[in-house]
A.B. asks: 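This is the structure I have questions about; it appears just below.
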Amino acid sequence: LHIGHWYIVTPSDALARFHRMHGDNVFFPIGFDAFGLPAENAAIKNGGHPFTWTMSNIETMRRQFRSMGATFAWDAEVVTADPSYYRWNQWLFLRFLEAGLAYRARSAVDWCPNDGTLAREQVEGTERRCWRCGAAVEKRDLDQWFLRTTRYADELLDFSGLDWPEPIRAMQTNWIGRSEGAEIEFEVAPDDQQRGGDRIRVFTTRPDTLFGATFMVLAPEHPLVGALTAPGRQAEVAAYLEQARRQTEIERLSTDRPKTGVRLGSHAFNPINGAEIPIFIADYVLAGYGTGAIMAVPAHDERDFEFATKFGLEIRRVVAAPGTAAGDPLAAAYLTHADDQRLVNSGRFDGLPADEGGAAIVAALANQGRAEPKVTYRLRDWLISRQRYWGTPIPVIYCERDGIVPVPMDQLPVQLPETVDYAGSGDNPLTRDEAFLRVDCPTCGQPARRETDTMDTFVDSSWYWYRYLSPGATDVPVDRAMSDRWTPVDQYTGGAEHAVMHLLYSRFFTKAMADCGLIGDREPFRRLFNQGQILGADGERMSKSRGNVQDPDELVKRYGADTMRLFLMFMGPWDQGGPWSPTGIGGVHRFLNRVWTLILDAHGREPGDPDAGSLPAGETAAAGRSAIRAAAHRTLRDVSADYEAFRFNTMIAKLMELANALFRYRGTEVAGSLEWAEATRLLLLMLAPAAPHITEELWSRRLTAAGEPWASIHSQPWPQVDPAAVVESIREIPIQVNGKLRDRVTVASDASSAEIEAAVMGRERILAILEGRTPERVVLAGGGRLVNIVLRDG
RNA sequence: GGGCGAGUGGCGGAAUGGCAGACGCGCCGGCCUUAGGAGCCGGUGCCGCGAAAGCGGCGUGGAGGUUCGACCCCUCUCUCGCCUACCA
């Protein structure tokens with residue numbers, strides 16, 4: 001475990017304990033998801049089996065979690081690399097296959113030289129690097145397995161009823177990328193070399209600009225490119241296609257690169273006005289989005305404008321800005337299309353507001369079957385095939401006669417072979433493992449071949465919380481009665497880096513499982529909290545390759561688990577994270593030592609403190625007793641609210657304040673009072689969820705000293721605030737003049753507004769500032785919490 | 001280019017319309033001590049005046065605005081971080 005694990009688990013465990021003290025039935029499970037490259041690489045390096053390596057690491061982590069005091073439900077633990085778990089990945093996959101939610105298809109996929117194929121979400125950044133290993137990702141055409149996430153595109157946009165952070169919702173919404181528009185069909189014009197009649201469909205969000213479509217552009221990979229290339233253009237087109245293929249994705253996606261493209265030499269008819277417009281191919285049109293072809297409207301699209309300018313093509317304005325003439329030349333694409341922009345140069349649609357005109361144009365063409373309203377998404381189906389050994393085998397069989405045959409349910413799990421020969425390379429050894437490969441076709445009984453690809457490791461983590469509820473169930477992945485009772489998860493914690501991967505896949509799985517009748521939920525996590533990430537001391541993400549991973553063992557050995565827990569909670573807001581630095585850990589350690597001293601040595605006197613053993617000047621013991629009682633109950637009120645709101649840093653600060661307040665009375669007669677006993681008791685109870693070990697020890701010693709039978713502090717009920725203890729008899733009111741603090745006055749807490757005002761206006765300092773002038777206004781703000789005297793032109 | 005988030009002492013941070021800097025680190029002083037890298041007590045935003053008590057001014061990236069009152073709300077802007085990116 002590294003510091004990052006402690007940072008996530010510590011507050012989670014404190015919350016679980018806090019809720020248990022409230023009598024809640026808390027289910028706080030743990031599991032290990034260790035399929036994937038790191039385990040496999042370690043196995044290759046050490047010559048062992050990934051399973052052995054994984055299980056020994058898990059054993060270490062279990063021990064570490066116990067040393068933290070994490071109160072996990074160990075009897076519900078799952079390990080995804082164990083066949084008893086991954087058989088249910090296979091089982092779910094087969095159910096999805098039946099339901100049409102899983103399918104195999106050939107397409108251009110993202111390919112990492114180390115990890116093989118990746119889902120679109122797993123390619124990061126402008127430079128298109130693998131999320132796991134950072135290698136540059138290429139494109140390959142391959143037959144791969146997909147899960148149909150796009151079936152739920154609209155439902156995934158609906159977050160109603162979910163208490164999720166806005167940034168995560170925004171990221172998912174952007175990722176799904178819904179855009180409304182129309183598909184419009186263009187027909188290829190006949191000419192000398194071309195019989196014509198081929199249909200090219202385009203997607204556009206701006207059908208209102210159709211009259212301004214002065215050319216078309218196809219993606220280089222568009223299927224009609226060959227057919228539409230005029231004989232005289234073939235050499236140039238072939239050269240461009242070759243260049244586009246060679247170009248890396250990085251170069252191709254770079255937006256500041258000048259537009260390139262070539263004419264195919266054929267033309268199409270603009271369906272709205274019959275204009276014959278040239279067809280180009282250009283790599284700024286992407287094969288994977290929309291239809292892989294666009295109608296280019298240079299007057300109203302920046303990219304088309306740049307292309308048309310470079311190639312000297314007609315730029316025809318069809319949306320007018322208020323107050324401009326239809327023929328005014330454009331210096332740049334004009335993008336606005338609000339209600340006061342009217343169509344021009346658009347035949348019978350002239351004068352219509354742009355958006356209304358667009359709808360009318362689509363309606364007119366729809367009558368002839370040449371256009372239809374259409375919604376397009378950026379979201380792609382989830383590519384789950386991985387060309388690695390260390391994952392869940394995809395349970396299908398390829399038969400020459402019967403094609404793709406699912407492994408029958410009763411033959412699950414398809415187990416990974418226990419002996420594995422990597423032959424010194426990172427290739428998938430399953431492809432050479434004859435014992436694994438050879439299988440009889442379940443349908444015809446003839447020799448067939450198993451799928452050797454395994455599943456994306458994100459499949460494991462997409463539904464695991466259901467398995468926690470019935471880890472031993474043998475006929476279903478999750479017992480329905482249990483999931484009905486316990487899910488959706490009340491409180492889920494995870495980092496923002498999971499926004500469009502784990503958190504999106506989990507929502508998809510939940511919906512898919514619901515549609516297969518396995519569960520009743522359609523959302524997995526009711527409330528989501530994004531804890532921050534602890535970075536290395538260098539401010540970078542912790543990783544072994546950067547060498548900035550922080551190991552907590554040294555600090556735990558020196559200060560103990562409670563200090564470590566407290567320090568991680570005290571550092572700052574939980575959702576913030578930040579670079580790791582142990583600076584200041586001594587402060588929380590000192591605090592725990594002071595608590596220890598308060599409880600076990602209340603009457604001791606500090607030799608270094610000249611005032612030790614005497615009450616604060618001018619204070620009676622009765623006042624002192626009342627003060628500590630008030631402090632304890634106010635702290636209880638505030639600390640309870642802080643736990644509820646996940647404000648662990650201020651929660652600990654308030655406990656420190658209480659300890660400091662009590663310390664002032666150590667060694668005085670107040671330390672022997674009932675109020676002292678109550679205040680120290682509350683302090684221990686409030687601290688128990690955060691620092692479970694030291695509080696249990698001190699609690700036990702108190703009970704022994706009092707001659708009472710032992711009981712764990714962690715099964716005590718959370719204490720109740722006494723409202724009477726919290727009220728104050730007097731209070732100090734700040735006095736401002738024109739918003740600037742000038743004085744304070746002490747009044748009885750139940751003083752009336754008139755009494756407060758009288759007290760304020762009687763203050764010497766205030767009279768001196770007023771110099772006989774009459775205030776314009778006297779504001780008693782916040783129910784008399786503060787007074788502001790307004791003096792104009794003073 | 002687009003989206004989101006964040007800018008407060010030497011540092012981590014607190015205060016979300018009402019006393020800016022809680023709590024902690026660090027630093028300074030004192031005590032205790034054979035000793036202190038332990039412990040305890042006190043001080044500590046910046047500038048000015050003052051021997052001191054104290055007094056005054058400035059202060060939450062910058063500029064405006066709303067308000068009796070703004071770290072907090074609004075507008076513009078700068079800087080940093082994260083996500084995303086020729087998505088038609």
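Throughout, protein chains are lettered first and strands after them, A, B, ... in sequence-line order, and every chain is numbered starting at 1.
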A.B. asks: Please determine if A:R370 forms a cation-pi arrangement with A:F186, meaning its NZ or CZ atom is less than 6.0 Å from the six-membered ring centre and no more than 45° off the ring axis.
C.D. replies: no
A.B. asks: Report the nucleotide, chosen from B:rG12, B:rA14, B:rG18, that has the shortest atom-to-atom distance to any side-chain atom of A:V779.
C.D. replies: B:rG18
A.B. asks: Would you say B:rA14 has OP1 or OP2 under 4.0 Å from some side-chain N or O of A:N649?
C.D. replies: yes
A.B. asks: Between A:R647 and A:D304, name the one whose nearest nucleotide on RNA chain B is closer to the 5' end.
C.D. replies: A:R647
A.B. asks: Identify whether any heavy atom of A:S179 sits under 4.0 Å from a base atom; if not, whether one sits that close to sugar-phosphate; answer base, sugar-phosphate or nothing.
C.D. replies: sugar-phosphate
A.B. asks: Nearest to the A:T650 side chain among B:rC40, B:rG18, B:rA22, which nucleotide is it?
C.D. replies: B:rA22
A.B. asks: Which part of the nucleic acid does A:N174 contact within heavy-atom distance under 4.0 Å: base, sugar-phosphate only, or nothing?
C.D. replies: sugar-phosphate
A.B. asks: Inspect the contact between A:E302 and A:K259 and indicate whether a charged nitrogen and a carboxylate oxygen are less than 4.0 angstrom apart.
C.D. replies: no
A.B. asks: Report the nucleotide, chosen from B:rU84, B:rA20, B:rC23, that has the shortest atom-to-atom distance to any side-chain atom of A:W175.
C.D. replies: B:rU84
A.B. asks: Relative to the 5' end of RNA chain B, which residue comes earlier, A:N788 or A:R765, by the nucleotide with the nearest heavy atom?
C.D. replies: A:R765
A.B. asks: Between side-chain atoms of residues 498-505 of chain A and protein atoms elsewhere (two or more places apart, or another chain), which donor-acceptor pairs fall under 3.5 Å?
C.D. replies:
from	atom 1	to	atom 2	distance (Å)
A:H502	ND1	A:S461	O	3.3
A:H502	ND1	A:S506	OG	3.3
A:H502	NE2	A:Y492	OH	2.7
A:Y505	OH	A:E121	OE1	2.9
A:Y505	OH	A:Q122	NE2	3.3

A.B. asks: Mark yes or no: A:R507 above the aromatic ring of A:W164, with NZ or CZ under 6.0 Å from the six-membered ring centre and no more than 45 degrees from the axis.
C.D. replies: yes
A.B. asks: Tell me yes or no: between the side chains of A:R594 and A:N660, is some donor less than 3.5 Å from an acceptor?
C.D. replies: yes
A.B. asks: Just checking A:G608: base, sugar-phosphate only, or nothing, at a heavy-atom cut-off of under 4.0 Å?
C.D. replies: base
A.B. asks: Could you go through A:R206 and A:T209, starting from their C-alpha distance and side-chain angles, then the distance that decides it, and tell me whether this counts as side-chain contact (heavy atoms from CB on, under 4.5 Å)?
C.D. replies: CA-CA 6 Å; A:R206 295 292 306 279; A:T209 63; 3.5 Å; yes
A.B. asks: Give a yes or no on whether a donor-acceptor pair under 3.5 Å exists between the nucleobase atoms of B:rC23, that is its base, and the side chain of A:K654.
C.D. replies: no
A.B. asks: Considering only side-chain heavy atoms of A:R378, which listed nucleotide, B:rC25, B:rG24, B:rA85, is closest?
C.D. replies: B:rA85
A.B. asks: From the set B:rC87, B:rA88, B:rC40, return the single nucleotide nearest to any side-chain atom of A:R380.
C.D. replies: B:rC87
A.B. asks: Atom pairs, N/O to N/O, protein against nucleotides 4-11 of chain B, distance under 3.5 Å?
C.D. replies:
none

A.B. asks: In whole angstrom, what separates A:E606's CD from B:rG42's P?
C.D. replies: 12 Å
A.B. asks: How should the glycosidic conformation of B:rG69 be described, syn or anti, under the criterion that syn lies within 90° of 0?
C.D. replies: anti
A.B. asks: Would you classify A:N593 as touching base, sugar-phosphate or nothing, given that sugar-phosphate means primed atoms plus P, OP1 and OP2, and contacts are heavy atoms under 4.0 Å?
C.D. replies: nothing
A.B. asks: Is A:R744 side chain donor-acceptor paired with the B:rC19 base, going by distance under 3.5 Å alone?
C.D. replies: yes
A.B. asks: Please state whether the base of B:rC40 and the side chain of A:D609 form at least one donor-acceptor pair under 3.5 Å?
C.D. replies: no
A.B. asks: Under 3.5 Å, is there a donor-acceptor pair between the A:Y334 and A:D301 side chains?
C.D. replies: no
